[in-house]
Visitor: 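Would you mind keeping the following structure in view while I ask a few things?
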Amino acid sequence: MPDVTPLPAATPIRMGSNAGQPRTRADGLLKVTGRATYAADNHPAGMAQAVLVTAAIARGRVTAMNVEAARAHPGVVEVYTPANRPELALEPDAKPSFFSKLTETLQDDTVRYEGQPIALVVAETLEAATEAARLLAPQYAAETARVGFDLAPYAPESVGFGFPIEMSKGDIAAGLSEAASTTETVVETPPQYHNAMETHAIVAEWKDGKLYLDTPTQAPGMSAAGFAAWLGLDPADVVIRSPFLGGGFGSKAAVVGAFLLAIQAAKLLDRPVKLALARHQMFGHVFHRGATRQTIKLGMDAEGRLTAIDHHTTAVTAAFEEFIEGASGAARTTYAAPAIRASHDGVRNDVGVPGAMRAPGEASGSAALEIAADVAAEAAGLDPLEFRLRNYAETDPMSGLPYSSKALRECYAEGAREFGWAGRPLAPRQMTDDAGMLVGWGVGTATFPCPMFGAEARATLRADGTAVIETALIDMGQGSWTAMAQIAADSLGLDVEQVEIRGGVSDLPDSGVAGGSGYTATLGLAIDNAGGDTIRQLAEIASSDPDSPLHGTGNTRVVARGGRLYAQDDESRSESYADILARAGRETLSGEGKGARGENDANDHSFQSHGAVFAEVKVDPDLGQVRVTRLVGAFAAGRIINPRMVESQLSGGMIWGISFALHEGAEMDPRTGRILNRDFGEYHVSVNSDAPSVKVLTIPEEDAFVNPLGVKGVGEIGVTGTAGAIANAIWHATGKRVTSYPIRLEELLDL
Amino acid sequence: MKSIPVSTTVNGDAVDFVCAPGETLLDALRNRLSLTGAKEGCGTGDCGACSVTLNGRLVCSCLVLAAEAEGAEVGTVEGMADHDKLHVLQQSFLDHAALQCGICTPGILVASKALLEENPEPTDEEVRYWLAGNLCRCTGYDKIVRAVQDAAAKMRSA
């Protein structure tokens, strides 16, 4: 297998005519006809139905369960509790991979958060299992739950996935004390739960010594290895089928205890078992975005240029496990200042483990920093957009490295033009509409890093000149079935219709992790390299064959286009793939490729996507009701492989920003530590009637350094910037600065 | 366990099945009739992923008992296309990229069809409010409104 192609320093790879086209979603037909098969749609013969029983207290012990009553219920097959929990190959607290978190597999009677698994009921039907689960009627010895920010903070081990808890440059104290003016803004963000529309589900079947799992995963290879480690299996004997995910948003990458229980039940009962979490069970066992309290101190000179950014986050994590929302990271990536400090501490609550949720760190951090920037702009008497331009970071604010590319200035300009920002009154509460609604405009800066994870792919040319790409590709809605085919076609010099993608199964080459907005860049590069490797071999065959018109060209002096190889300097010399393969007696020809960031690339450049979001809100002065009436986002994210899919990702991200600003948040009962709104009736996400017309602009951006494809990623950046833009628009409409998300009408009743 | 025989019509086909008294129409469609287009997003009638029509009326099939389908006509996403020919709404959703992960899509298509049967020329606001009970976590909604309006225009001129 060839090594990772070193990054050329000149221009990104020239791609063919497939990339950049707004192709219709490849999996669309299956989805609009209801034929796309998601995990819970599988129903193998003889399958039993499992129901998870989850704790109804936040802290304490289970003292009793009426297992006899549950077992006696007609149709019940088995009831698993700590008394008969299935054995695992690893200790319950083992963490087999970097992304693993402590999980629960009925190891004891302890309850460490509401929603923790405490039993599994398996029955012939879902109805029987559900009723038996009710009959278990657990009894508890509850202890006082730890809830909220006002607990002793501690210094965490790391932030997010392995980042230091504090990063700084320059003299913060001097930057603040010598400033012409300073502002201090404290912003709180609530716990948020991913709530992909598809709840976590698994169908487990042991067959012929192998374990077959239909389950949504954002990382098939890593998940298969994780399950194998827990179960003491060879990873090759775990086959995960995950062609379609009903959304993931970060919640579907790590192995969770509930799934291990279902798998073990299938083994012990010697029949397939299905477990689908109920919606209320999505609030606890399967990660969430932890709450934050952020304190942002800004110092400015007389012209409104920042002299210091001091961003401190107190993040709520679980009492038994750590994941710290890296919200202060926004201070390192957004605005220029001679002194910057991004620091974090943690407080431990009796909640399930937080984890990565769409734009982890950046979403919460940007939601706070953008309010703070607006407060500073107001103090400096500057238009908020002018303030942001004055503090534009020409190089990475923390490291000082040059950006691989940064078209944020263009995003501000194009977004402002599209929105009609010019002429915005500086003072708040200056605009009303015909109905007497208070109108306000706000802006937020969007930014998200461009990480790459490892991925592998195999490309195979077939005798008829068509090709197949093999990789354990997953699509959680972002459009990877579509975009990857476009990249593959260009790498192979074929039309996209001539390329088949085989994916969705973990026993194919590892597609890496669909997360961190890095999937198109990483897997796309692997596919591009696999295609390139195949064409290189094909050219070698042709070049060394005296009967080929390409004899003697060598593999570097040919171009692949339209299913033919051409001599670079004489296009009259050419031959079709099918003819080359036929003469060589080859049925197929395969190449392989990897995708990853070059070893030293991050030493030379800073890699970020950027954007600017402009929001208009209308606020009812009597009722405090807020409507987002217009939203314009302009984003620069490198090469766009499929504009149709990208626009969807970005506008969907911006709706998450509305949800962050106005709707989402788990309400914790301070007396019990229970979540009061564990359903879609009361945990509000933006619905269709909350959404305005959303305008997405993608700003052209060529990037020769981020990776050979020049792709940055768009999955998460839409969330950043948007929440802050809406909060700032509410201030501009009302003159009231609300600093606690979500911004609800009770904060705006005294207008 | 008691079981209830049900004779019903699903997407125009006469269907008989036997269900438990507490079984939802959603579970019967998915588990007994292998019609898995309708999804369970919440089980509490809040998300609309399980939307079907019952005697022409738009319902959350997670809130309807399977036994209530006796003698009724049930319409699901599987019945929208005429064999290989997509319904105008289905084609419009493809054209406007009005879907991503696809879990909410069957319910939104069924709900949109029910809307246009009742109101062939809705305003954007009417579309948004009609579909407010169909949660989508991916697309950003605007594309769904565009897709429905485009389909409505095509259906009016057809």
Side-chain angles (χ1 to χ4, degrees), chain A residues 22 24-25 27-38 40-41 43 74-75 125-128 131 195-199 244-249 276 278-279 475-479 644-645 647-656 679-681 685-694 718, chain B residues 1 20-24 27 30-31 34-47 49 76-78 80-81 86-87 89-91 93-95 97-106 108-109 124-125 127-145:
Chain A
T24 306
R25 177 175 290 277
D27 45 341
L29 184 62
L30 286 176
K31 288 178 174 177
V32 296
T33 52
R35 287 185 286 130
T37 305
Y38 300 80
D41 297 337
H43 203 113
T125 64
L126 182 61
E127 286 71 25
E131 178 61 12
N195 277 307
M197 290 309 299
E198 175 202 38
T199 65
F244 307 112
L245 284 76
F249 311 119
R279 178 56 58 185
D475 195 325
M476 51 185 167
Q478 76 272 49
R644 194 190 297 253
M645 304 294 127
E647 197 214 342
S648 231
Q649 282 285 75
L650 291 170
S651 66
M654 288 164 73
I655 299 296
W656 271 57
D679 58 56
F680 276 144
V685 301
S686 294
V687 304
N688 206 322
S689 49
D690 294 316
S693 168
V694 177
Chain B
M1 271 188 295
E23 190 168 326
T24 65
D27 285 336
R30 290 176 54 81
N31 297 335
S34 298
L35 294 170
T36 54
K39 311 295 182 195
E40 177 171 316
C42 66
T44 50
D46 293 310
C47 81
T76 74
V77 71
E78 287 91 346
M80 280 183 72
L86 293 182
H87 189 278
L89 275 162
Q90 290 172 313
Q91 187 61 49
F93 270 58
L94 289 179
D95 294 342
L99 67 146
Q100 286 195 229
C101 87
I103 286 278
C104 69
T105 308
I108 291 182
L109 284 165
D124 281 4
E125 195 172 19
V127 176
R128 289 191 187 281
Y129 275 80
W130 181 274
L131 295 177
N134 290 86
L135 302 186
C136 166
R137 199 74 161 135
C138 301
T139 59
Y141 294 120
D142 210 32
K143 291 159 177 297
I144 293 170
V145 177

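Lettering of chains follows the sequences in order, A, B, ..., and the numbering in each one begins at 1.
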Visitor: With respect to chain B, which residue among A:R35, A:M654, A:Q478, A:E647 yields the maximal number of heavy-atom pairs within a distance under 4.5 Å?
Guide: A:E647
Visitor: Please flag which part of A:D41 lies under 4.5 Å from any non-hydrogen atom of chain B: side chain, backbone, both or neither.
Guide: both
Visitor: Side chain, backbone, both or neither: which part of A:S648 has a non-hydrogen atom closer than 4.5 Å to chain B?
Guide: both
Visitor: What are the two closest heavy atoms between A:E127 and B:E23, and how far apart are they?
Guide: OE2-CG, 3.4 Å
Visitor: Need one label for A:A40: side chain, backbone, both or neither, based on atoms under 4.5 Å from any heavy atom in chain B.
Guide: both
Visitor: Pick from B:V127, B:L86, B:D124, B:T44: which one has the most heavy-atom pairs with chain A under 4.5 Å?
Guide: B:L86
Visitor: Check whether B:I144 gets within reach of chain A through its side chain, its backbone, both or neither, counting any heavy atom under 4.5 Å.
Guide: side chain
Visitor: Given a strict heavy-atom distance threshold of 4.5 Å, which part of A:L245 is in contact with chain B: side chain, backbone, both, or neither?
Guide: backbone
Visitor: How far apart are the closest heavy atoms of A:H43 and B:N31, and which atoms are they?
Guide: ND1-OD1, 3.7 Å
Visitor: With chain A, which of B:G37, B:G102, B:G22 has the greatest number of heavy-atom pairs at distances under 4.5 Å?
Guide: B:G102
Visitor: In terms of heavy-atom proximity below 4.5 Å to chain B, should A:P22 be classed as side chain, backbone, both, or neither?
Guide: neither
Visitor: Would you mind reporting whether B:Q100 and A:K31 have side-chain heavy atoms less than 4.5 Å apart?
Guide: no
Visitor: Is any side-chain heavy atom of A:V32 closer than 4.5 Å to a side-chain heavy atom of B:L99?
Guide: yes
Visitor: Under a 4.5 Å heavy-atom cut-off, does chain A meet the side chain of B:L109, its backbone, both or neither?
Guide: side chain
Visitor: Given that the side chain runs from C-beta out, which part of B:T24 has a heavy atom under 4.5 Å from chain A: side chain, backbone, both or neither?
Guide: backbone
Visitor: As an exercise, state the distance from CZ of A:F680 to CG of B:L135, rounded to the nearest 0.5 Å.
Guide: 5.5 Å
Visitor: Supply the atom-to-atom distance A:N688 CG to B:I108 CD1, rounded to the nearest 0.5 angstrom.
Guide: 7.0 Å
Visitor: Apply side chain to side chain contact (heavy atoms under 4.5 Å, CB included) to B:C47 and A:M197, showing your working.
Guide: CA-CA 8 Å; B:C47 81; A:M197 290 309 299; 3.7 Å; yes
Visitor: Grab the two heavy atoms, one from B:R128 and one from A:S693, that are nearest each other, plus how far apart they are.
Guide: NH2-N, 3.9 Å
Visitor: So which atom in B:L94 and which in A:T24 form the shortest heavy-atom distance, rounded to 0.1 Å?
Guide: O-CG2, 3.7 Å
Visitor: Check whether A:E131 gets within reach of chain B through its side chain, its backbone, both or neither, counting any heavy atom under 4.5 Å.
Guide: neither
Visitor: Check whether B:L35 gets within reach of chain A through its side chain, its backbone, both or neither, counting any heavy atom under 4.5 Å.
Guide: neither
Visitor: Select one option (side chain, backbone, both, neither) describing which atoms of A:A691 are under 4.5 Å from chain B's heavy atoms.
Guide: both
Visitor: Check for a donor-acceptor pair, side chain of A:W656 on one end and backbone N or O of B:R137 on the other, with a separation under 3.5 Å.
Guide: yes
Visitor: Identify which part of A:L29 has an atom lying under 4.5 Å from any heavy atom of chain B, answering side chain, backbone, both or neither.
Guide: both
Visitor: Where the side chain of A:S651 meets the backbone of B:T139, is there a donor-acceptor pair that is under 3.5 Å apart?
Guide: yes
Visitor: Give the member of B:R30, B:E78, B:Q91, B:H87 that has the highest number of heavy-atom pairs under 4.5 Å with chain A.
Guide: B:R30
Visitor: Heavy-atom pairs under 4.5 Å with chain B are the metric here; pick the option from A:G34, A:G247, A:A278, A:G248 that has the most.
Guide: A:G34
Visitor: Walk me through it: do B:E40 and A:R279 pass the test side chain to side chain contact (heavy atoms under 4.5 Å, CB included)?
Guide: CA-CA 9 Å; B:E40 177 171 316; A:R279 178 56 58 185; over 6 Å; no
Visitor: Would you confirm whether B:Y141, through its side chain, and A:I655, through its main-chain N or O, come within 3.5 Å as a donor-acceptor pair?
Guide: no
Visitor: Measure A:N195 against the heavy atoms of chain B and call it side chain, backbone, both or neither at under 4.5 Å.
Guide: both
Visitor: Return the minimal non-hydrogen interatomic distance between B:C138 and A:F249, and the atom names on each side.
Guide: SG-CZ, 4.0 Å
